[in-house]
Amino acid sequence: MSKPNEVHRNYAISDSEMVVSSNVYRALFIDDKADFSQFDSGFADPFSDNWGTAIATAEGVSQDVELIDQMAQLTEIVNAKMKVATDYYQRIKYYMEKAFPDSIAIQNEFGRNDYEKARKSTPKLISFMKALSTAILKYNAQLVASGCTQEFLDEAPNIMDELREAENNQEIFKKTRPVETQKRLEEMNTCWDFSKIVCQAGKIIYSENAAKYNQYVLPGEAPKTTPEPEEP
């Protein structure tokens with residue numbers, strides 16, 4: 001099975017430069033629309049309006065830097081929820097050790113032997129909090145008798161759920177970001193396609209007029225030079 005084709009930029013300038021250049025070429029095209037329409041009827045209305053719509057769409061799509069910022073925000077949320085979970089364990093550990101000072105087996109039910117590995121991994125920490133919640137429910141009476149409040153004990157499942165939700169949101173974003181990036185590139189390429197076809201035609205239409213020809217030179221293309229007048 002062949003892989004789907006990846007979408008790449010069809011221009012060699014930055015996204016912002018591409019949008020600015022498209023606006024410039026469109027303004028030039030509007031001034032010369034009669035010449036273009038005479039050359040190719042496909043340039044007649046609503047070509048200019050469609051181009052303007054493509055430019056507006058390109059201006060409005062999320063830039064990659066915005067997607068990076070969104071990912072950073074989601075990561076901050078996950079890290080914050082992980083800290084809440086680890087802080088919770090450090091406190092419940094006090095009551096666990098007080099209630100079961102001589103039973104390593106019961107302390108391990110609370111995750112004592114798994115904590116060091118779990119605290120460094122979000123998925124492992126979620127599983128850790130699930131096991132911890134189960135142990136708290138099982139030994140609820142002993143923990144309360146050791147001085148822990150029921151309100152604090154009841155927080156464990158909520159902490160686990162909030163951590164799982166934060167992790168899910170981050171992972172979903174990781175999966176959807178390539179889709180958003182591809183969509184953005186497709187819309188940017190559509191915008192630039194208008195510029196390319198207009199500039200291609202413009203260089204033909206004004207092949208004998210160097211000044212007008214050069215108005216439709218794309219970035220990276222060589223401008224037309226006007227021959228120096230021969231000396232008498």
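Numbering of residues begins at 1 and proceeds along the displayed sequence. Worth knowing before you read on, the calculation uses all heavy atoms, side chains too, and leaves out hydrogens, waters and symmetry mates. Everything numeric in this text was worked out from a predicted model, so none of it was measured.
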Gap between atom CD1 of I92 and atom CG of L132 - 0.5 Å precision: 6.5 Å

T122 side, atom OG1; E167 side, atom CD - distance, nearest 0.5 Å: 4.5 Å

Contact check, side chains of Y11 and M188, non-hydrogen atoms, under 4.5 Å: yes

Side chains of S48 and W51 in contact at under 4.5 Å (non-hydrogen atoms): no

Heavy-atom side-chain proximity of T57 to C191 below 4.5 angstrom: no

Residues in ring pair (Phe, Tyr, Trp, His ring centres under 6.0 Å) contact with F36, at least two apart in sequence or another chain: F29, F43, Y216

Distance-only side-chain donor-acceptor flag, Y206 / D35, under 3.5 Å: yes

Parallel, tilted or perpendicular, as decided by the 30° and 60° cut-offs, for the rings of Y89 and F128: perpendicular

All side chain to side chain contact (heavy atoms under 4.5 Å, CB included) counterparts of S127, not counting sequence neighbours: none

E171/K174 salt bridge by N-O under 4.0 Å criterion: yes

Minimum heavy-atom distance between K224 and N214, given as atom pair plus value: N-OD1, 2.6 Å

Closest approach of Y213 to A222 (non-hydrogen atoms, all atoms of both residues): CE2-O, 4.5 Å

Would you list the atom pairs, donor with acceptor, under 3.5 Å between side chains in residues 95-106 and any protein atom, with sequence neighbours excluded?
{"from": "E97", "atom 1": "OE2", "to": "R112", "atom 2": "NH1", "distance (Å)": "2.7"}
{"from": "E97", "atom 1": "OE2", "to": "R112", "atom 2": "NH2", "distance (Å)": "3.4"}
{"from": "K98", "atom 1": "NZ", "to": "S146", "atom 2": "O", "distance (Å)": "2.9"}
{"from": "S103", "atom 1": "OG", "to": "I106", "atom 2": "N", "distance (Å)": "3.2"}

Side chain to side chain contact (heavy atoms under 4.5 Å, CB included) partners of Q38, counting only residues at least two apart: none

Close side-chain approach of V19 and N23, heavy atoms under 4.5 Å: yes

K124: side chain to side chain contact (heavy atoms under 4.5 Å, CB included) partners, not counting sequence neighbours: A118, S121

Student check: side-chain heavy atoms of S21 and W192 closer than 4.5 Å: yes

Minimal non-hydrogen separation, R26 against I55, with atom names: CD-CD1, 3.8 Å

Contacts of type side chain to side chain donor-acceptor pair (under 3.5 Å), residue K203, not counting sequence neighbours: E221

Side-chain donor-acceptor pairs of residues 133-140 under 3.5 Å, sequence neighbours excluded:
{"from": "S133", "atom 1": "OG", "to": "M129", "atom 2": "O", "distance (Å)": "2.8"}
{"from": "T134", "atom 1": "OG1", "to": "K130", "atom 2": "O", "distance (Å)": "3.1"}
{"from": "K138", "atom 1": "NZ", "to": "E109", "atom 2": "OE1", "distance (Å)": "3.1"}
{"from": "Y139", "atom 1": "OH", "to": "E109", "atom 2": "OE1", "distance (Å)": "3.4"}
{"from": "Y139", "atom 1": "OH", "to": "E109", "atom 2": "OE2", "distance (Å)": "2.7"}
{"from": "N140", "atom 1": "ND2", "to": "Q150", "atom 2": "OE1", "distance (Å)": "3.4"}

Donor-acceptor pair, side chain of N189 and main chain of N10, under 3.5 angstrom: yes

pair K33-D45: side-chain heavy atoms closer than 4.5 Å: yes

Sidechain-backbone polar pair: N108 side chain, G111 backbone, donor-acceptor under 3.5 Å: no

Sequence neighbours excluded - ring pair (Phe, Tyr, Trp, His ring centres under 6.0 Å) pairs with any residue from residues 166-185: none

Non-neighbouring partners of E116 that pass side chain to side chain donor-acceptor pair (under 3.5 Å), sequence neighbours left out: R119

Any donor-acceptor pair under 3.5 Å from S37 side chain to A34 backbone: no

F194 and N50: CA distance, side-chain angles, deciding distance, side chain to side chain contact (heavy atoms under 4.5 Å, CB included) verdict: CA-CA 9 Å; F194 282 93; N50 292 340; 4.0 Å; yes

Side-chain heavy atoms of R91 within contact of F152, under 4.5 Å: yes

Derivation of the side chain to side chain contact (heavy atoms under 4.5 Å, CB included) call for D15 and R9: CA-CA 9 Å; D15 294 346; R9 286 176 177 80; 2.9 Å; yes

Side chain to side chain donor-acceptor pair (under 3.5 Å) partners for Q90, two or more places apart: Y115

Approximate separation, where rounding is to 0.5 Å, of L74 CG and N79 CG: 11.0 Å

Residues, nucleotides or ligands: over 12 heavy atoms within 6.0 Å of F39 CZ: yes

Evaluation steps, side chain to side chain contact (heavy atoms under 4.5 Å, CB included), between I77 and N169: CA-CA 10 Å; I77 293 173; N169 290 340; over 6 Å; no

Nearest heavy atoms of L163 and A85, plus distance in Å: CD2-CB, 4.4 Å

Gap separating the CD atom of E151 from the CG atom of D154, nearest 0.5 angstrom: 8.0 Å

By side chain to side chain contact (heavy atoms under 4.5 Å, CB included) - contacts of V84 (at least two apart): I159

E59 side, atom CD; M18 side, atom CE - distance, nearest 0.5 Å: 9.0 Å

Chi angles and distances behind the side chain to side chain contact (heavy atoms under 4.5 Å, CB included) call for D32, K212: CA-CA 10 Å; D32 299 329; K212 292 294 295 181; 2.7 Å; yes

Student check: side-chain heavy atoms of Y25 and L218 closer than 4.5 Å: yes

Atom pair CG/CG of D114 and L125 - distance to nearest 0.5 Å: 11.5 Å

Same apolar cluster: M71 and V78, side chain cutoff 4.5 Å: no

Results of side chain to side chain donor-acceptor pair (under 3.5 Å) for S14 - residues two or more places apart only: S16, E17

